[in-house]
Structure formats: C-alpha cells, structure tokens
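Below, all heavy atoms of this structure are taken into account, side chains as well, without hydrogens, waters or symmetry copies. Chain A is the first sequence line, chain B the second, and so forth, proteins listed ahead of strands; every chain is numbered from 1.
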Amino acid sequence: MSEPDERSLKERTRFDPAEVEPRISDAWLQSGLFHPEADGDPAENYSIAFPPPNVTGDLHMGHALQASTQDTLIRYHRMLGQRTKFILGTDHAGIGTQMQVEKQLAREGTSRQEIGREAFLERIWAWKELHGSNIVDQLKRLGASFDYAEERFTLDEGYAAAVVAVFVALFDRGLIYRDNYMVNWDPGSRSAISDLEVEEREVTDTLFSIAYPLADGDGELVVATVRPETMLADTALAVHPDDERYARLVGREVILPLVGRRLVVIADEYVKPEFGTGALKITPGHDPNDFEIGRRHGLDELSVIGEDGRMTEAAGPRFAGLSVPDARAAVVAALDEEGVLRASDPYTHVVPFSHRSGERIEPLISLQWFMRMDELARPATDVVIDGRVRFHPERWGRVYRDWMDNIRPWCISRQLWWGHRLPVYYCDACEETYVSATAPERCGVCDGPLRQDEDVLDTWFSSALWPFATIGWPDQTPELRAFYPTDVLVTGRDIIFLWVARMIMMGIEFCGTQPFSDVYITSIIQAPDGRRMSKSLGTGIDPVEEIDRHGADAVRFGMLAMSSTQDVRYSAEKVAQGQGLANKLFNASRFVLLSIDPDATPHARPAAIEDRWILSRLARIQADVTRRLEEFDFAHAALGLYDFVYGELCDWYLELVKARLAGDGDVEDRVAVSSTLLFVLRETLALAHPMIPFVTEEVWSYVRRPGEGLLAGERFPVADESRLDPVAEAELEWAISATQAVRGWRDEVGIKPKVVMPVRIAVDGHAEVIGLLARMARLSLVGESAQTGPAAPGVASVAVPGGTVEVLAGEGVDLGAHAERLAKRRAALEAEIAGVRRKLDNAAFVAKAPAAVVAAVREKLAALEAELEAL
RNA sequence: GGGCGGUUAGCUCAGCUGGUCAGAGCGCCUGCCUUACAAGCAGGAGGUCCCCGGUUCGAGCCCGGGACCGCCCACCA
C-alpha cells in the first residue's frame, strides 16, 4: 500500500486521480470488503455475475459501461448493508481465442494440425497466461469492486465438471442428441457454428439460368441459381404443385447437365412460381431449404463440397479440388460449352457469413451434436411473461419472447480444440456410444478400446452456466446457497439470445429458479461519429487511456451519464464532466475542512434558512438518486448528483455560508453551520460513492470519525423526509432568482463586479432572505430598504420576482447601458403579456381548462404586468 | 418480408401520465486571478422540438400518413 499524500489538504488544489487511485484501490482490496461471507440467503444478499470477458481480451468501452453500472449497483447495495458479491471471471472464448493462436502459428509457418492437439492446447494456455490477467487489472483500475479472491475461468476444473454434468444430464433427458443434419459450416474456423453466429450480409452475385433437358428429349426445364457449382449435387428439380405451366412435367425426369444423372421433377409448396422461371433445382446437400425439401421427399443427399471449402472427389475429376469460387467459374464455363447456360444476371441478395471468421457460410450436412430447446424454452418464457424476470427497457422482453417462441435446435458441437471436450466415448469395434462424466475404461459390450469425441462444445454452452457454475454448482456450496439466484444481469442486447436466454433456461433446469430477476440491457457505445467503435476501423477509444487522462471516477461518471435506453455516441464531454465533478467535490471538501470550526460535529443543526434549505435539498437528491438507481436510470442519477453538487451545494450553499464561517458572526452560529456543513458533506460523499468511489473515499479519510472504516463499507444515506422544507425552498428559490436578475442587470449595464451597489428593495415579504440576496448580488441596503412595500424609485429599477430592486446613485454605479436593457426587457415583457392575454381572451380556454391552470395563467399575467409597471 | 428504436440549440443528449418544457453538458460571446476549485466563477447569445394532416381550450409530448438514420429477426433459388 502506498503512502497517503503527504501534502496538506491546503496544498492539494486539484484532485489528482493518478496519485489517489492506486492508494485507494489497495485499501479496498486489503479491506476484504469485496469478499462477502457466504452466509444468509439470496433474498437478503445481493449478487451480480459480471458477463465474463474473453480471457485474452482488453477492456473496451462496452465493458467500461457495463462495469460502471454494475459496480454502482454493487456498491449501492453493499452500502445498504447487504452481503454483496460481484462475481468475476473470464471466458475461454473458443473460436476467438483459438483463431488468434492459429494466426500466430501461421505467422510462424506452421499450423495446429502440424503441431498436434496437445501442443496446440499448450500454446493456447501459454497465450492465456500471457494475456489473461489484462482485463482483470483493467477492471480494478476502474474501481470495480469484484470479489477478486474468487476469480473464475470457464475452463477451470470445477467449472469443467459442471459443464460435463450438464451435458450428461441433458443427454440422459434426451435433449442432447447426435444427428446428420444441415449445419452452418464456417470454412474459416473449419467448424460448424450455430445459427446465432451467422450474420447476413448483402452481396451481389450472378443469377445463372440453366437448362435441364428432359430425359425423353421433350424440351427442357430452366432453373435459376446463384450457386451453379452445387448443381453437381442436385438430386431433383421442383415446381409448385399448382403451377399449370409445369403440371405435365411433375414425376418426369430431366438430365443433370455436366453429370448426366437423371433427376425427378417433384412438386413442393415451397417453390415460388413467380420467382425466376418458377422451377427450382434441389440440392439437399448444400442448401438449407433444399435439405428440408429433400427430407420431405426422401431425396438422396449428395455432397460435393468438403469441410475445407473445396470440391470433393464426388464433384468429379473435372472439379475436384477446386475452391468454391473456382469451381463456380469452371462449372459455368462448362455449362456454356454444353449450351445449356441460358442467362446470367446480376443479383443482389443477403447471404450468411460467419460472425467469427467473416467467411461465407457453406451449408453442409454434417454429423453434429444438437440440443433440443423447446422443452427448456417453455419455463424460461414463462418467467419473463409473469415478471419473475424483468427486462429493462421492457421492449427487450418482447424480443426475447419472440425468439423463444420460435426456438430451434442448437448445434452445440464445434470442430475446435480449445474448449470443453464432449464427454462422449465411442467404441469403434462395436459402434457403441457412451456419454459419461467419467471416462469409461473400455467398451461395456465388446470390451474394446474407447475413443473420446474430438469435438468441443460451443463456448456459449459453458457460458450458459455462469451464474451457478461460478459459485460451486453442482455442489451445494455455501456460496451457491447464499448468492444464487443473483439479482441483476447487465449486458448488451447483442447477446440476449446467445447468452441471456440460455442462462435462464439452464438456471431453471438445473437450479430450479431463474438465475436473476432483472436484466438491464445497456446501450451500445458508438464512436463519436456514429460508426461502430472498433479497433479495425480505427474508431476505437480505449477506456484505460481515458482513465489515465481523466481518472476512473470521470470515466465511470461519463459512462453512467451516457447510459441510455438507446445506443449512444461516445461523449468525451460527459467524461470531462465527471472529471469536473470529482475535482469540484474534492475542492468543496477542502473548503469545508479548512473552514469549519474545530468544535463542529457532523450533525444537522440548521440555524438559518439556508441551512434548512440545503438539508431539504439534500433529502430530495438522496431520494432521487436512490429511486434512479433502483430504476436502473443511471444517467439521471449521475446528472442529478452533478446538479446538486454544482448547482446547489457549491454555487449557493457554500457561497452563502462563507461569511458565517469566516467568524464574523457569533461563535455559536459558526459551530452550528460548521456542523451542518460537515453533515451535508458526509452525506453527499456517501450518496456519490457508488458512482464516483475514488474521490469520495479519499475525502472520506478526512471526515471519517473514530470507529468508522472505509466509505465503501459505510451506510448509504437514507433521505430524511422530515428535513423537507417547502418554505425554505421557496424562499431560497426567490433569493436565487432575484440574485440572478440583479447580477444579469449589473453585468449588462456594466457595473464592476467589485462594486457594492446601494439599493432599496421594493418587494413584499422575503425578509428572511433579503440579506442573502444582498450578499450574493453585492448590494448594500440603504435606509429602510429591507422593509416591505414600494420604495421610492432610485436611479434605476431592476425587476425581481414580486417587485423591484431600486438602485441608488453611488460610487461605481454608472448606468451605462441601462436604458438599452430597459427597452429590451420592456419589449420582451410586452410580447409575453400579449401572448398570455390572447390565451385568457380565448373563451374556450377559460371555460374548459382546469381552474388551477387558468388561475396560474392569470397570476402570471399579473406578475408580468406588475413588472412592466415597475419599469 | 416482418419487428423495434431514433429524428429537440453548432455538437452529444434530457424532457414523467399533454398546461413555466423549450432544458443540461460541451462549444461560442462578455466580464472577473471574488481568500475551495482559472480544468474556476458570474453573465449572455443560440432551437419552425424531421415533414404533412388530425384530436384538444391547449401537442416535442396523443392519433394517422410520409421522409430519413440505425438495429434485430427471417428458408425466396
């Protein structure tokens, strides 16, 4: 732990995050506050499982945003006195990580196949060791109060056991099965991927029209395709059953060009008669739709494209070995040669690409493991319908339900090496299959040797267990009992299906209850120009650099202030605003600490109206921030705090009490106002702490009382409604408006700031705050000016709410531009009065609008007229 | 092809169930080194609230239509 700043508070005129943060961070980590006792039950405890970042990843803006919001919640609840656990860990991120290391191997001129599975995995583990702790350190810098003592990794031993247990259980329930089925084959990663890892992109292809001659020589059938190379695997042609043009052809045969195979013409509802020629070639082996049609009609499933994205032997000697694009060109050339190419037209459509590798998906029939989802989806949909799980904003709940209602089987096997290997064992001798948590020694039937399935599970399969596998499941650990289910899940909308939905399904299935009760969907942060924030586009902004530049509190505040129910552009200004707030709070604290009476104790001891006012305002902002946090409305919580600190505490209250603190009043009052000030400061620090923990913790060390610990472990302030004081608020509101009116007048007229203007004040009431007005607007009250009622006009009248301030002749009072300002104001008033009159002249308005509204308008008119009169 | 979100000050965004709702931060202009903060303080300028209709005494706010931007889902070769 580094030493506290030795300089006196007086010298520290600026909050210095670089000096403070490491010190505070160490203190937190050593305090044990972040590591809760595994005691009590989930209802009284509070926990959040942070979405596990990729193990080799770096902190990006999305993490910074999500960590800021979650840590704000975590710190808030910890300060409410709950046992609070913020679960941290990283994800092995199957394809992503494996591809990074494969790239590295490629640069070294080798490949994973060359070095073999074992050596490859060693390389990845080494890579993980090298890059793995990055993000955890970065999260620490942000001040995120994770339970760092219990960091998890999805490939840890215990976690792996949970994965296997889940697989076996689901297999035993018949939900996991192996099947030869059409999958999205990603030639880039050489693996099947799930539907969710596919993204549609618009491309312009060529639509080729190819003539298939009838076997009996009686004409031809022309079909359109963008993938002529797949025709080598055609097993039928199809037309719509109601299509009269082709009715006579159904059941007859055509000759497949280039190959010579005879194909039957079938009728299927799927075919759209109006598209192209209304005839469709059917390639069950290489097109998802054709696959479905083929299964309906019992067609052969041929394959001519291999898993390497090249044509196989089955494509014939002429095309075997060619890449798909090359094969396409060759097939087209051959068709042309054969005289069956009828047309080629540009055609723009959307086609699937791998989200991971970026390569075009090659639909293939492949032997893979699948998981049936419908049965698990039902209860997982119910919990959202009946509100046991609530989405924020709500609309995402509907998106979730739509997807769940149409859920399809999930292809869970991946032809990768980095991940959880399937707990499946085959006996080659007798073709037995064993699914077991512990590897069986030998085949139970023929006693032959067993071989484990080579594949690993989709990363999201293990991620789906995150909320419970991280805290001990399948063992009934104290942690699991204390912290499952968790409370809130905070994540981006891009993984609602990939992750959120699956967690809910698995949580209900294996723990009997939903894994969290609220899902807060964060904004996606875009680059300032509105583009995606990404390293490759050069639009990325590094949160760590922002922390270096502005401080962690600033970044946290900025993130919270930016957070929204819609996507937002990164706003450096919001971060700067947060930096301003941290510095402001720090300096206000310095002022308080360096100015208060040594006998002060932190208690509300209102001795003047402004004391009652700030206590009232404090109670309001406390209630407001609390409500905002409960509603996941972080932007308003942060900005509301900002407004309170700047606009009420610093701009007005501190200024108002300076004279009293300076000691020109009586000692009693000085102690009283000092006490109130100290109280307000401490409450404000605690209120702000969940959002901006560093600066508040630092200042706390100066105001901490004996027996109190770190602010992170103290109580969050509860709004004291008995302190609400509408009278004080109204009076101060008047004083502030009047002050602003006079200041505005002074500035425009050109009265020097230092000049104290002699005035008489002609207003009714407000006696208690006229002294404040005088102080803040630099006025000296002459004669009976503090009395109520109209006073004799001075050399100029300044309108304030409910009356005027009559400026008297005096040193430095040079009216300068007063006449001009007066005329301007008069014109504005007249225009406004005309508007209000028009409204009141409208009989319908007076008749139909609520009486209170009409009265308010009348009052406004009277006030405007009074002001005009005074001028 | 369905669905969702957005369009408010030069920029980034707030504006709850329709009546001080036309706001904030930044930027800009003016004046102040006022004994917490000059990365500060005080004051100020700046908006046909995307367009067209409608409902209403009254509409950024409700309804209908349209334009543009963005996102999600989807098996038309």
Side-chain angles (χ1 to χ4, degrees), chain A residues 9-10 12-15 182 195-196 200 205 207-209 223-227 230 238 270-272 274-283 287-293 347 349-350 352 363 393 395-396 398-399 402-403 406 493-494 496-497 524 526 528 530 550 558 561-562 564-574 576-580 583-595 635-636 639 642-643 646-647 650-651 654-655 658 662 739-740 743-748 750-754 776-778 839 842-850 852-854 856-857 860:
Chain A
L9 206 46
K10 190 160 188 175
R12 295 173 65 185
T13 60
R14 166 133 281 110
F15 179 63
M182 174 69 59
D195 296 341
L196 289 173
E200 305 289 330
D205 281 325
L207 185 63
F208 298 97
S209 298
V223 302
T225 180
V226 292
R227 303 208 52 193
T230 65
Y270 170 78
V271 183
K272 304 277 181 293
E274 65 281 2
F275 189 92
T277 60
L280 180 63
K281 74 187 210 42
I282 303 298
T283 320
D287 182 280
N289 299 314
D290 295 3
F291 178 78
E292 298 291 341
I293 296 171
Y347 182 68
H349 61 153
V350 294
R395 61 173 184 272
W396 296 113
R398 292 194 294 275
V399 172
D402 285 345
W403 187 73
N406 299 300
R493 55 148 201 270
D494 48 333
I496 290 175
F497 308 143
I524 304 274
Q526 301 164 335
H550 303 284
M562 262 177 255
S564 164
T565 55
Q566 60 176 95
D567 290 351
V568 292
R569 299 182 181 198
Y570 181 76
S571 165
E573 292 79 13
K574 288 282 196 297
Q577 200 178 344
Q579 186 175 11
N583 189 52
K584 193 74 175 176
L585 201 48
F586 183 74
N587 274 297
S589 305
R590 284 177 59 227
F591 169 72
V592 170
L593 291 165
L594 296 170
S595 312
H636 285 104
L639 293 169
Y642 179 94
D643 286 342
Y646 266 79
C650 292
D651 288 351
L654 294 188
E655 296 301 327
K658 272 181 180 172
T739 301
Q740 287 170 331
R743 281 175 178 169
W745 181 85
R746 292 179 58 128
D747 200 60
E748 253 184 83
I751 311 277
K752 293 263 182 293
K754 278 188 177 156
M776 299 305 288
R778 288 193 178 242
K839 202 168 197 180
N842 182 345
F845 170 72
V846 178
K848 294 193 180 179
V853 172
V854 177
V857 174
K860 187 177 176 187

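Remark: A:K848 fails to qualify as a cation-pi partner of A:F845 under the 6.0 Å distance and 45° angle criteria applied to the six-membered ring.
The separation between A:H636 atom NE2 and B:C16 atom P is 9 Å, rounded to whole Å. Atom CD1 in A:I496 sits roughly 19 Å away from atom P in B:G3 (whole-Å rounding). Distance, A:R569 CZ to B:U7 P: 12 Å, rounded to whole Å. Rounded to an integer number of Å, the gap from A:E748 CD to B:A42 C1' is 13 Å. Rounded to whole Å, atom P of B:G3 lies 11 Å from atom CG of A:D402. With rounding to whole Å, A:M562 atom CE is found 15 Å from B:A14 atom C1'.
Considering only heavy atoms from C-beta on, A:V223 stays 4.5 Å or farther from A:L280 through its side chain. A:R12 places a side-chain heavy atom less than 4.5 Å from the side chain of A:F586. In this structure the side chain of A:E292 never reaches within 4.5 angstrom of the side chain of A:M182, judged on heavy atoms.
Base pairing analysis places B:C76 opposite nothing; no Watson-Crick or G-U wobble pair with both distances below 3.5 Å involves it. B:G64 and B:C52 make up a base pair, with Watson-Crick or G-U wobble contacts both under 3.5 Å. Base pairing annotation: B:G31 forms a Watson-Crick or G-U wobble pair with B:C41, both donor-acceptor distances under 3.5 Å. With a cut-off of 3.5 Å on both Watson-Crick or G-U wobble distances, the partner of B:G18 is given as none. As the counterpart of B:G47, no nucleotide is assigned, since no Watson-Crick or G-U wobble pattern has both distances under 3.5 Å. When Watson-Crick and G-U wobble pairs are counted only if both distances are under 3.5 Å, B:G70 pairs with B:C4. The partner of B:A24 is B:U12, judged by Watson-Crick or G-U wobble contacts that both fall below 3.5 Å.
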Give the B/S/- string for nucleotides 70-77 of chain B, one per nucleotide from 5' to 3', where a protein heavy atom under 4.0 Å of the base yields B, of only the sugar-phosphate yields S, and otherwise -. -S-SSBBB
Within the 4.0 Å limit for protein heavy atoms, which parts of nucleotides 23-39 of chain B are touched? Write it as a string from 5' to 3', B for base, S for sugar-phosphate only, - for none. --SS---B-----BB-B
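In this structure A:D287 satisfies the salt bridge (Lys or Arg N to Asp or Glu O under 4.0 Å) test with no other residue, sequence neighbours excluded. Shown here are the salt bridge (Lys or Arg N to Asp or Glu O under 4.0 Å) partners of A:E655, two or more places apart in sequence or in another chain: A:K658. With sequence neighbours left out, the side-chain hydrogen bond (donor to acceptor under 3.5 Å, both in side chains) criterion links A:T230 to A:K281. Evaluation of the side-chain hydrogen bond (donor to acceptor under 3.5 Å, both in side chains) rule for A:Y570 yields A:E546 as partners, not counting sequence neighbours.
If you take atom P in B:C63 and the same atom in B:U17, they sit 11 Å apart, rounded to whole Å. Using atom C1' as the reference point in both B:G23 and B:G1, the two lie 41 Å apart (nearest Å). Spacing between B:C32 and B:C51 at atom C1', rounded to whole Å, works out to 46 Å. Distance check on atom C1': B:U8 versus B:A59 gives 14 Å, rounded to whole Å. With C1' as the reference atom, B:A45 and B:G54 are 37 Å apart, rounded to whole Å. Annotation: B:C62 and B:U12 have their P atoms spaced 23 Å apart (nearest Å). Spacing between B:U55 and B:C29 at atom C1', rounded to whole Å, works out to 44 Å. B:G2 and B:G58 have their C1' atoms separated by 38 Å, with the value rounded to a whole Å.
Here B:G27 is in the anti range [glycosidic angle more than 90° from 0].
Between the side chain of A:N583 and the main chain of A:R14, no donor-acceptor pair closer than 3.5 Å is present. When atom types are taken as modelled, the side chain of A:K752 and the backbone of A:G750 share no donor-acceptor pair closer than 3.5 angstrom.
Residue contacts for A:V223: at a heavy-atom cut-off of 4.0 Å it reaches no nucleic acid atom on any strand shown. Looking at heavy-atom distances under 4.0 Å, A:F208 makes no contact with the nucleic acid at all.
Rounded to the nearest 0.5 angstrom, A:I496 CD1 and A:W403 CH2 are separated by 11.0 Å.
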